Number of protein chains: 2
Amino acid sequence: MSTPTPKLIYPAPFPGRGEHIRLLLEESGTTYTEGTIEEFQALKSVDSVGDKRNTPLFAPPFLQYGDLTINQTPNILLFLAQKFNLAGDPSDPHTVCRLNGLVLTALDGFSDEIHGCHHPLGGNFYYEDMKAESLARSKDYVKNRLPLFLGYFQRVLKGEASGEGPWLHAGMFTYADLTLFSCLSGTRHQFPKAFQRAEESGKYDLVFKLYKAVHNRPRIKAYLESERRRKYGNGIYRHYPELDVDPEV
Amino acid sequence: MSTPTPKLIYPAPFPGRGEHIRLLLEESGTTYTEGTIEEFQALKSVDSVGDKRNTPLFAPPFLQYGDLTINQTPNILLFLAQKFNLAGDPSDPHTVCRLNGLVLTALDGFSDEIHGCHHPLGGNFYYEDMKAESLARSKDYVKNRLPLFLGYFQRVLKGEASGEGPWLHAGMFTYADLTLFSCLSGTRHQFPKAFQRAEESGKYDLVFKLYKAVHNRPRIKAYLESERRRKYGNGIYRHYPELDVDPEV
């Protein structure tokens with residue numbers, strides 16, 4: 001049997017949630033393809049009932065791998081990381097859950113809550129119609145939530161279970177490191193002032209060390225400098241100057 | 001080696017996120033224990049750096065199982081469902097990801113978004129200080145998001161991949177069914193008017209059939225009628241009469 005080619009279906013002009021998956025595919029060095037808008041629309045359609053093996057899917061990113069079609073960012077990451085040897089020993093349920101826990105927490109703190117900062121009333125409202133609420137939430141995020149999540153990952157890296165070297169789990173590079181990097185990269189785009197303050201504080205030195213270590217991995221570096229890397233825009237991570245709160249002011 | 005006894009650490013007076021896990025443990029028929037407030041505080045502490053094998057954890061619910069200590073609701077569910085034979089064949093990565101995708105979507109639509117309806121500006125604000133924003137978001141949820149998520153699970157149940165009978169995946173009862181039930185139970189508590197309208201509309205008959213089928217499973221029924229079942233209160237699922245929007249009005 002030939003090995004399927006993974007297809008990521010997230011045809012947005014910005015990195016968005018698809019980027020966490022794209023970075024994993026790039027790091028793995030595998031060949032992958034990207035789905036079209038038509039494929040995206042077919043999977044996203046409220047008329048879809050899936051196929052013989054796959055249930056319909058709710059929201060992108062979508063992944064096709066042979067006869068498997070799945071969604072949910074942490075779910076796709078779990079699948080691909082095990083497939084491409086970025087998840088330690090996938091036959092050990094304890095390893096699976098320790099890594100999955102880290103990934104889910106990175107996505108909560110540096111993706112879902114970040115999106116909430118410009119869409120506190122939900123995705124059906126225009127940002128322009130909830131600017132005051134967005135500012136209130138962004139202030140709270142930058143002053144309280146960001147330090148809490150950065151402090152959490154600093155403790156993970158300090159703790160014995162992270163092992164030697166710059167990584168989160170057992171001294172080995174895994175998709176949890178990649179996901180944290182990807183999330184922090186977006187967070188920096190949305191809140192550059194707070195990100196810089198956090199870095200300068202020295203309180204999260206191990207987190208920023210990990211960030212740089214992932215950034216400098218040869219395949220990641222090459223990808224980030226390539227034309228394949230999309231520019232941030234109207235996705236999850238948005239830079240509105242009026243929300244770019246300086247936590248020290 | 002003796003089998004460890006699972007310990008759920010979520011000492012809240014309301015069902016909350018811990019309830020999804022408690023229902024799985026109850027359905028499995030296994031013996032489990034519940035952690036104390038002191039154990040909860042030690043794991044939640046911002047001074048914790050974990051232990052030799054486990055990283056520190058961010059937020060409850062927490063699960064201890066032998067020398068494993070993990071967090072994140074969908075992560076704990078994944079682990080326990082595989083352990084207690086509620087996840088089909090856990091050695092098949094495709095089955096793992098199909099079920100995990102359904103569980104993550106149920107939690108997004110009927111737990112995270114539900115919490116956002118009374119805490120649109122985040123958990124650090126008092127509900128009383130964001131009543132107008134909560135009402136705007138609740139109206140949108142009840143009119144747009146709730147039908148979208150109910151319609152999604154109706155399509156899953158209609159689709160071929162769900163197989164015969166009332167369940168979501170391949171004709172077998174799994175933890176995805178339990179989680180959907182658990183989420184819907186909380187949603188009904190928060191939005192009884194919208195829930196009743198949805199049921200009466202007949203559009204989501206397969207979803208409500210699943211809801212009743214899980215409710216009537218002997219161990220679930222016995223648990224729900226027992227004193228172990230906590231009453232809804234100030235947790236994820238809250239009934240504020242002023243947010244209980246009737247979508248038809």
Side-chain angles (χ1 to χ4, degrees), chain A residues 46-59 67-68 70-72 74-76 78-79 82-83 90-91 93-94 96-98 100-102 104-105 108-109 112-113 116 120-122 124-125 130 133 136-137 140-141 144-145 148-149 151-152 155-156 158-162 168-170, chain B residues 46-59 67-68 70-72 74-76 78-79 82-83 90-91 93-94 96-98 100-102 104-105 108-109 112-113 116 120-122 124-125 130 133 136-137 140-141 144-145 148-149 151-152 155-156 158-162 168-170:
Chain A
V46 294
D47 296 323
S48 163
V49 291
D51 59 36
K52 198 174 167 179
R53 287 210 177 80
N54 299 287
T55 64
L57 304 177
F58 187 77
D67 73 354
L68 179 73
I70 53 173
N71 70 343
Q72 284 283 357
N75 190 41
I76 296 172
L78 178 76
F79 177 79
Q82 295 188 358
K83 188 68 67 189
S91 73
H94 289 206
V96 172
C97 288
R98 286 181 177 126
N100 189 38
L102 291 169
L104 286 163
T105 302
D108 277 355
D112 292 357
E113 292 205 11
L121 303 186
N124 285 336
F125 291 80
M130 50 183 170
E133 293 85 353
R137 183 147 174 181
D140 178 57
Y141 181 82
N144 301 307
R145 302 296 287 172
L148 199 64
F149 280 100
Y152 169 69
R155 283 188 287 127
V156 171
K158 257 193 195 160
E160 208 180 342
S162 68
L168 292 163
H169 175 80
Chain B
V46 293
D47 296 321
S48 164
V49 290
D51 59 35
K52 199 173 168 180
R53 288 211 177 79
N54 300 287
T55 65
L57 304 177
F58 187 78
D67 72 354
L68 179 74
I70 53 174
N71 69 343
Q72 285 284 357
N75 190 40
I76 296 172
L78 178 75
F79 177 79
Q82 295 189 357
K83 188 68 68 188
S91 73
H94 290 207
V96 171
C97 288
R98 287 181 176 126
N100 189 37
L102 291 169
L104 286 163
T105 302
D108 276 355
D112 291 357
E113 292 205 12
L121 302 187
N124 286 336
F125 291 80
M130 49 183 173
E133 293 86 351
R137 183 147 175 182
D140 178 57
Y141 181 82
N144 300 308
R145 303 296 288 173
L148 200 63
F149 280 100
Y152 170 68
R155 282 189 288 127
V156 171
K158 254 191 195 160
E160 209 180 340
S162 69
L168 293 164
H169 175 80

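In the text below, chain A, chain B and the rest are named by the order of the sequence lines, each starting its count at 1. Bear in mind the structure is a predicted one, so any value in this text is a computation, not a measurement.
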Under 4.5 Å from any heavy atom of chain A, what part of B/D51 do you find: side chain, backbone, both or neither? backbone
Spatial distance of atom CG (A/L148) from atom OH (A/Y141) [nearest 0.5 Å]: 10.0 Å
Looking only at A/R53, A/R98, A/H169, the option with the highest number of non-hydrogen pairs under 4.5 Å against chain B is A/R98
Find the one option among B/G159, B/P120, B/S162 whose heavy-atom pairs under 4.5 Å with chain A are most numerous. B/P120
Largest heavy-atom contact set with chain B, pairs under 4.5 Å, which of A/L104, A/T55, A/L168, A/V156: A/L104
Applying a strict 4.5 Å limit to non-hydrogen atoms, the region of A/L78 in contact with chain B is side chain
Answer with side chain, backbone, both or neither: which region of B/T105 has an atom nearer than 4.5 Å to a non-hydrogen atom of chain A? both
Within this structure, what is the CG-CG distance for the pair A/N144 and B/N124, rounded to the nearest 0.5 Å? 5.0 Å
By a 4.5 Å heavy-atom criterion (distance strictly below it), what part of B/S48 contacts chain A: side chain, backbone, both, or neither? both
A/Y152 to B/L57 - nearest heavy-atom pair and separation: CE1-C, 3.4 Å
With side-chain contact (heavy atoms from CB on, under 4.5 Å) as the test, would you mind laying out the steps for A/H94 and B/D67 before giving the verdict? CA-CA 9 Å; A/H94 289 206; B/D67 72 354; 3.7 Å; yes
With chain A, which of B/G50, B/P93, B/C97 has the greatest number of heavy-atom pairs at distances under 4.5 Å? B/C97
Toward chain A, the part of B/F149 with a non-hydrogen atom under 4.5 Å: both
For the CG atom of B/L121 and the CG atom of A/L121, what is their distance to the nearest 0.5 Å? 7.5 Å
Straight-line distance of A/R137 CZ to B/E133 CD, nearest 0.5 Å: 12.0 Å
Looking at B/R145 and A/F58, what are the two nearest heavy atoms and their distance? NH2-CE2, 4.4 Å
Please flag which part of B/L68 lies under 4.5 Å from any non-hydrogen atom of chain A: side chain, backbone, both or neither. both
Residue selection (most heavy-atom pairs with chain B, distance under 4.5 Å) from A/N75, A/I70, A/N54: A/N75
Under 4.5 Å from a heavy atom of chain A, the part of B/D47 involved: backbone
4.5 Å side-chain heavy-atom contact, A/Q82 and B/V96: no
